[in-house]
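Please read the structure below before turning to the comments.
Every chain is numbered from 1 and lettered A, B, ... according to where its sequence line falls, protein lines coming before strand lines.
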Protein chains: 4
Amino acid sequence: MGEPADNTRTDELIIRIGRGASGDSAGPTGKRAAIVQAATGLFLRQGYQGTSTDQIAAVAAVSKQTVYNQFRDKKTLFAEIILGVTATAERFAAELPNEITGVRAADDVEPALRSLAHRYLSTVLNPQVLALRRLIIGEASRFPELASEYHRRAPARVLAALADVFSRLADRGLLTGDPSDAAEDFAFLVLGPALDHGMFHVDDDPMPEPAVRRAADRAVAVFLAGYRRPS
Amino acid sequence: MGEPADNTRTDELIIRIGRGASGDSAGPTGKRAAIVQAATGLFLRQGYQGTSTDQIAAVAAVSKQTVYNQFRDKKTLFAEIILGVTATAERFAAELPNEITGVRAADDVEPALRSLAHRYLSTVLNPQVLALRRLIIGEASRFPELASEYHRRAPARVLAALADVFSRLADRGLLTGDPSDAAEDFAFLVLGPALDHGMFHVDDDPMPEPAVRRAADRAVAVFLAGYRRPS
Amino acid sequence: MGEPADNTRTDELIIRIGRGASGDSAGPTGKRAAIVQAATGLFLRQGYQGTSTDQIAAVAAVSKQTVYNQFRDKKTLFAEIILGVTATAERFAAELPNEITGVRAADDVEPALRSLAHRYLSTVLNPQVLALRRLIIGEASRFPELASEYHRRAPARVLAALADVFSRLADRGLLTGDPSDAAEDFAFLVLGPALDHGMFHVDDDPMPEPAVRRAADRAVAVFLAGYRRPS
Amino acid sequence: MGEPADNTRTDELIIRIGRGASGDSAGPTGKRAAIVQAATGLFLRQGYQGTSTDQIAAVAAVSKQTVYNQFRDKKTLFAEIILGVTATAERFAAELPNEITGVRAADDVEPALRSLAHRYLSTVLNPQVLALRRLIIGEASRFPELASEYHRRAPARVLAALADVFSRLADRGLLTGDPSDAAEDFAFLVLGPALDHGMFHVDDDPMPEPAVRRAADRAVAVFLAGYRRPS
DNA sequence: AATGAATGAGTATTCATTCAT
DNA sequence: TATGAATGAATACTCATTCAT
C-alpha cells in the first residue's frame with residue numbers, strides 16, 4: 001500500500017499545473033491550456049529569462065499575440081504557472097495525515113514514519129519538482145513576492161501538515177517534544193542531503209529506489225532518537 | 001571570542017571572490033580584478049541573464065572589449081567567478097576542525113558543537129552566500145557542470161570536514177555512529193529550516209542573532225540525542 | 001446677450017462631432033455613435049497613430065470587430081470624424097453674418113466688429129478646436145486630401161462668410177477695400193498671435209477673458225485704420 | 001539686394017539641421033550626422049510615429065544599434081533634431097535688423113518693409129519649414145515641452161527681432177505705436193493667410209513668386225495704415 | 001449586426017560579440 | 001592591451017485587421 005510515489009511523474013505534473021488556473025474542457029480554453037503547458041515545460045527547462053515568448057507561442061502552436069491576449073505579459077504568465085502548481089503541493093499536504101491514521105497508541109510509530117518519510121522524499125525528488133524549486137529560487141530576486149508566496153503555500157504548508165501529524169502522534173503518547181520543531185527536524189533529516197544534492201546536480205540520474213528507502217529509514221531513526229516518547 | 005561570524009561580511013566576500021581567480025595585485029591587471037569584482041556583484045544581485053556585459057564594463061569602469069579580452073565570453077567570466085568563490089568555502093572548511101581542537105575526552109561535546117553549529121549557520125545565512133546559492137541553483141540547468149563542480153568543492157567539502165570532525169570526536173569516545181551520516185544529519189538539522197527559508201525570502205531581514213543561536217542549540221540537542229556515545 | 005462663446009464647450013463639441021456622420025438617435029446604431037464619440041476624444045487627445053483600435057473599442061464599450069463592421073478601417077473612421085466636425089464650423093460660418101445684421105449706415109461699425117472679433121477668437125481658442133487643428137495639421141501628410149478638404153470647409157468657409165459680412169458693410173458705406181482682402185486681414189489680425197501660441201503650447205491655461213477682449217479690440221483698431229471708409 | 005529667399009532650400013536646411021547638434025568634420029561623427037540627416041527627412045515626411053527606427057537606420061545606412069548608441073532613444077533623437085533646427089531660426093532673427101539698417105529718418109519706410117515682408121514670407125513658406133511646423137504641431141501633445149521650447153526659440157524670437165526693428169524705426173520717427181503689437185500685427189498680416197493655407201495643403205505647388213510679392217505688399221499697406229507715423 | 005479569439009507583421013529597444021584604431 | 005564604434009540577431013510587446021460563431 002505505502003508508496004504511490006509514481007503518481008507525480010513528469011507529464012502528470014505538467015497537466016496539473018496546466019489545469020490549476022482556470023476552467024478547461026478543451027473548448028475555447030484549449031489554447032490557454034496549451035500555452036500554460038508549453039510555458040511550464042520551457043520555464044522549467046530554460047528558466048524565465050531563457051524562455052522567449054516566441055518560443056512559448058511556437059511550442060503551444062499559437063500566435064504570439066494569443067499569448068498576450070490570455071496573459072497580460074510574461075510575468076503574469078509566469079506567476080500564474082508558479083502559483084497554479086501550489087495546488088499540487090496543497091493536495092500533497094492534505095493527504096499527509098492519512099499516512100498515520102491507522103497508527104494506534106500501542107503500535108510502534110517507526111514503520112509509519114518510514115513510509116511517510118519515503119513518500120515525502122520521493123515526491124520532492126521528482127525531477128519536475130526539483131526543477132520547479134530551482135526555477136523559483138533562481139528567480140527569487142526578480143520575483144520576491146512570488147517566491148515567498150510559493151514557499152508559504154507549498155513547502156511551509158507541508159511542514160504545517162507534518163506538525164499536525166506529530167501533534168496527533170504526541171496526543172496518542174507516541175512522540176514527545178514541540179510538534180513544529182519535530183516537523184522541521186523530520187523534514188530536513190529526510191530531505192536535506194538529497195534535496196541539496198538535487199539542487200546542484202541537474203543531469204544526474206534520479207536516486208535509485210533502495211537508496212531513497214535507506215535515506216528515509218536512517219532519517220527516521222535519528223528523528224526517533226530525539227522525539228520518541230520514552231516508555 | 002567564540003564566533004568570528006563577522007569575517008564573512010558582504011564587502012569582504014566580494015573582495016575575496018574577486019581575488020580568487022588570478023592572484024595579481026594592482027598593476028596593469030587591476031582591470032581584470034575590477035571586472036571580476038563588478039561582475040560578481042552584478043551577477044549576485046541580478047542573475048546571469050539579468051546582467052549585461054555593458055553593465056559589467058560600466059561598473060568596472062572598463063571598455064566592453066577589455067572584458068572580452070580578459071574572459072573570452074560571458075559564460076567564461078561567470079564560470080571563473082563561481083569557481084573563484086569556492087576558495088572562500090574551502091577556507092571555511094579547512095578552518096572547521098579548529099573549532100573542536102580543544103575538546104578532550106572527558107569534556108562535554110555540547111558547547112563545542114553549539115559553537116560550531118552557530119558559526120556554520122551564521123556563515124551560510126550571510127546574504128551574499130545565500131545570493132550565491134540562489135544564483136548557482138538558478139543557473140544550474142544552463143551550467144550543469146559548473147553547478148555540480150561548485151557543490152563538490154563547497155558544500156560537499158564542508159560536509160567532509162564535518163565528517164572528519166565527528167570522526168575525531170568518535171575516536172575520543174565522545175560520539176558514535178557513522179561520521180558521514182552524522183555530518184549530513186548535523187548539517188541539515190542546523191541549516192535546514194533557515195536555509196530553506198532563506199532561499200525563498202529575498203527581502204527579509206537577516207535572522208536575528210538570538211534566533212540563530214537558539215536554532216543552533218536546538219539542532220545540536222537533537223543531533224546529540226542520536227549521536228552522543230552512551231556513557 | 002453679446003457673446004455666446006460658451007456654446008463651444010468641450011463636451012458639446014464632441015457630441016456634435018459624434019452626431020455629424022450619421023444622424024441616428026439611440027436605437028441599434030447607438031454603437032456607431034459611441035464609437036465616433038470615443039474615437040473623437042481619443043484622436044484629439046492622442047493623435048491618429050497614438051490611438052489604437054483596441055482603445056477605441058474599449059472606450060466605446062464595443063467589440064473591436066464592431067468598429068470594423070461600422071467603419072471598414074481606421075482611416076475611414078478618422079476621415080469620417082474629421083469631416084463630420086466641419087458641420088460645426090459651417091454652422092459657425094452661417095451664423096457670422098447675424099452678428100452685424102443690426103448695423104445701420106449711420107452707426108459706428110467698431111462695436112459690432114469688436115463683438116464679432118471676440119466671438120471669433122473665443123471660438124477658435126476653444127481647447128477642442130485647437131486640438132482638432134493640431135490633429136489635422138499633424139496628419140496632413142498622411143491624409144493630404146482630408147486636410148485640404150477640411151480647410152476648404154472650415155476655416156476657408158469662415159473667411160468667405162467674413163468677406164460676405166464686409167461686403168455688406170461696404171455696401172452700407174461703412175468699410176472700403178476688397179472684401180476678401182479685408183476678411184483675411186481681419187481674421188489674422190484677430191487670430192494670429194493667439195492661434196500661433198495655441199498651436200505650440202498644449203498645456204497652457206486658456207487665455208483669460210479680458211486678454212481675449214483686449215486682443216480682439218486691438219485687432220479691430222488696426223483693421224479699421226486700414227479699412228474704415230473715410231467719411 | 002532684397003530677396004535672398006533661395007538660400008533656404010530644402011537640402012541646405014537639412015544640412016543645417018544636421019550640423020546643429022555637435023561637431024562634425026566627417027570623421028567619426030559621420031555616422032551621427034548621417035543618422036540626423038536621415039531622421040530629419042523621415043520625420044518631416046512621415047511624422048514621428050510614422051517613422052520607425054529601422055527606417056532611420058536603413059536610410060542612414062547604419063545599424064539600428066548605432067542609432068541607439070548615438071541617441072539614447074527615439075525621443076531624444078527627435079528632440080535633438082527639433083532643437084537643432086532652431087539655430088536656423090535664430091540666425092534668421094539675427095539678420096532681420098539688417099534689412100532696415102539703411103533706412104534714414106527722411107526715407108519712406110515702405111520699400112524696406114516690403115522687402116522685409118517678402119523675405120519673411122518666403123522663408124516661412126519654404127516647404128521644409130512648413131513641414132517642420134506641421135511636425136511639431138502634430139506632436140505637440142506628445143512633446144509639449146519640446147513644442148513650447150521650439151516656439152520660444154524660433155517664431156517668438158523672430159517676433160522679438162521684428163519688435164526690435166519697429167522700435168528702432170519708431171526712434172527715427174517713422175512708425176508709431178507699441179513695437180510688440182506692431183510686430184505681431186505685421187507678422188500675421190504678412191504670414192497669416194499663406195501660412196494657414198500651407199499648414200493644410202501639403203501637396204500644393206509652392207506659392208509663385210509674384211503672388212508672394214503681392215501678398216507682402218498688401219500686408220505692408222495695411223500695416224502702415226495702422227502704424228505709420230502721421231507726418 | 002455583434003462578439004471573443006486569433007493572426008502576422010511591426011514596434012522600440014537590448015543583447016553578446018567583433019572590428020578598426 | 002585597451003578602446004569606441006559598430007553589428008545582426010533577439011527581446012518583450014503592440015498593431016490593424018480578420019475569422020468562426
Rounded to the nearest 0.5 angstrom, the CG-CD1 distance for L146(D) and I81(D) is 10.5 Å
Look at the rings of F43(A) and F78(A) and say which category their plane angle falls in: under 30° parallel, 30 to 60° tilted, over 60° perpendicular.
perpendicular
Between K74(D) and T51(D) (side chain of the first, backbone of the second, donor and acceptor by atom type, cut-off under 3.5 Å), is there such a pair?
yes
Could you tell me the separation between the CG atom of D54(C) and the C1' atom of dT18(F), rounded to a whole number of Å?
13 Å
Ranking dG8(F), dC13(F), dG4(E) by distance to the side chain of S63(D), first place goes to dG8(F)
S52(B) side-chain proximity, nearest of dA16(E), dA16(F), dA2(E)
dA16(E)
Whichever of K74(A) and K75(C) has the more 5' nearest nucleotide on DNA chain F, that residue is K74(A)
Sorted by position of nearest nucleotide on DNA chain E, 5' first, the leading residue of Q49(D) and V62(C) is V62(C)
Among dA6(F), dC15(E), dT3(F), the one nearest K64(B) by side-chain distance
dA6(F)
Applying a 4.0 Å non-hydrogen cut-off, can you work out what T53(C) is touching in the nucleic acid: base, sugar-phosphate, or nothing?
base
I want to confirm an ordering. Mapping D73(B) and R72(D) to their closest nucleotides on DNA chain E, which one lands closer to the 5' end?
R72(D)
The residue among T53(B), N69(B), D54(B) that forms side chain to side chain donor-acceptor pair (under 3.5 Å) with K64(B) is D54(B)
Rounding to a whole Å, what distance do you find between Q70(B):CD and dT1(F):P?
7 Å
Nearest whole angstrom, please: distance from the C1' of dC15(F) to the OH of Y68(A).
14 Å
Quickly work out the F78(B) CZ to dA16(E) P distance and round it to whole Å.
13 Å
Expressed in angstrom and rounded to an integer, what is the separation of Q65(C) atom CD from dC19(F) atom C1'?
8 Å
Length of the line joining F71(C):CZ and dT18(F):P, which is rounded to integer Å:
16 Å
Please report, rounded to the nearest Å, how far the C1' atom of dC13(F) is from the CD atom of Q55(C).
15 Å
Take atom CG of N69(A) and atom C1' of dT18(F), then tell me their distance rounded to the nearest Å.
13 Å
How are the rings of F143(B) and Y48(B) set relative to one another: parallel (under 30°), tilted (30 to 60°) or perpendicular (over 60°)?
perpendicular
What dot-bracket string describes DNA chain F from 5' to 3', counting Watson-Crick and G-U wobble pairs whose defining distances are under 3.5 Å, with [ ] for crossing pairs and | for pairs to another strand?
.||||||||||||||||||||
Considering all heavy atoms of both residues, which atom of R134(B) and which atom of A140(A) are nearest to each other, and what is their separation?
CD-CB, 3.9 Å
With sugar-phosphate meaning primed atoms plus P, OP1 and OP2, does T66(D) contact a base, only sugar-phosphate, or nothing at under 4.0 Å between heavy atoms?
base
Quick one: does NZ or CZ of R133(A) land under 6.0 Å from the six-membered ring centre of Y150(A), within 45 degrees of the ring axis?
no
